[in-house]
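For reference, the structure is listed below as structure tokens.
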Amino acid sequence: MKSPLSHKPKAATPAGPGPLASFIRFVILGGGTGILASLAVPLLAMAMPWAASNAVITIVSTLLCTELHARYTFARGRGARWREHWQSAGTATAAYLTTSLAIWALHLIQPCPGMLTEQTVYLSASALAGTARYLTLRLYVFTTRRTARTAPPVRHQQTPTEPVLAA
């Protein structure tokens, strides 16, 4: 007879890749999508205003990137759900605001910075925001841990100790 204490609950999903492997995937997939998006914006801008083109490509590339991160970066074994799309979009918005704030602060400190200084500030802020975005996605949005709040209760089948008589 097996002891009910020896029951080990199964994990919700298999463990994903390690932190370094998923970070490398995050950089490659996110960077690759960013490069493709930067090429698509001017092409689409031939058919519509640039701001509209940028908005459309940003939305499409964020959706695509979230799907890629769900399937490959964090190896969820499935595509992203709507909650994950919204949370990922929130992290992308925070990253955008971080880089914009960094450039705005640079222009307050130095009204006419050179291109090299501007690019250094932008890329530094982008790296910081990207790292924070990766950590948020890995530890919160695409986490594989199960919490007590989301884990189903463990039920043990008990066999009756007395026979049941049927009529």
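As a basis for the values below, the full set of heavy atoms in this structure was taken, side chains included, without hydrogen atoms, waters or symmetry mates.
Qualifying side-chain contact (heavy atoms from CB on, under 4.5 Å) partners for A45, counting only residues two or more places apart in sequence or in other chains: W50, S53. Checked against side chain to side chain donor-acceptor pair (under 3.5 Å), R25 has no partners two or more places apart in sequence or in another chain. W104 meets the ring pair (Phe, Tyr, Trp, His ring centres under 6.0 Å) test with no other residue; sequence neighbours excluded.
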Side-chain donor-acceptor pairs under 3.5 Å in residues 30-41, sequence neighbours left out?
{"residue": "T33", "atom": "OG1", "partner": "L29", "partner atom": "O", "Å": "2.8"}
{"residue": "S38", "atom": "OG", "partner": "I35", "partner atom": "O", "Å": "2.7"}

Below 3.5 Å, can you tabulate the donor-acceptor pairs from side chains in residues 119-129 to any protein atom, sequence neighbours excluded?
{"residue": "T120", "atom": "OG1", "partner": "L116", "partner atom": "O", "Å": "2.7"}
{"residue": "S124", "atom": "OG", "partner": "T120", "partner atom": "O", "Å": "2.7"}

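In the hydrophobic clustering, where aliphatic and aromatic side chains (Ile, Leu, Val, Met, Phe, Trp, Tyr) are joined below 4.5 Å either directly or transitively, I59 groups with L63. Applying the 4.5 Å side-chain rule to ILVMFWY residues, one finds L20, I24 in the same cluster as I28.
Hydrophobic clustering (ILVMFWY, side-chain heavy atoms < 4.5 Å, transitive): L64 and V56 are in distinct clusters. Follow the hydrophobic side-chain contacts under 4.5 Å out from Y72 and you never reach L137; the two are in separate clusters.
Judged as a salt bridge (Lys or Arg N to Asp or Glu O under 4.0 Å), the pairs with a partner in residues 52-70 (not counting sequence neighbours) are, in order, E67-R71. Within the structure, salt bridge (Lys or Arg N to Asp or Glu O under 4.0 Å) contacts touching residues 79-90 (residues at least two apart or in different chains) are R78-E84. Annotation: ring-ring contact (aromatic ring centres under 6.0 Å, His included) contacts involving residues 22-41, sequence neighbours excluded, comprise F23-Y134, F26-H69, F26-Y134. For residues 104-129, no residue pair satisfies the salt bridge (Lys or Arg N to Asp or Glu O under 4.0 Å) rule, not counting sequence neighbours. Residue pairs meeting the salt bridge (Lys or Arg N to Asp or Glu O under 4.0 Å) criterion with at least one member in residues 42-59: none, sequence neighbours excluded.
When all heavy atoms are compared, the tightest approach of S22 to P19 is OG-O, 3.2 Å.
For the pair H85 and S88, the minimum side-chain heavy-atom distance is 4.5 Å or more.
The distance from the OH atom of Y96 to the CG atom of L101 is 11.5 Å, given to the nearest 0.5 Å. Remark: I57 CD1 to L43 CG distance equals 8.5 Å, nearest 0.5 Å. Interatomic distance, CZ of F142 versus OG1 of T66, reported as 6.0 Å (0.5 Å rounding).
Side chain of T143 to backbone of Y140: no donor-acceptor contact under 3.5 angstrom is found.
No side-chain donor-acceptor contact under 3.5 Å links R138 and T73.
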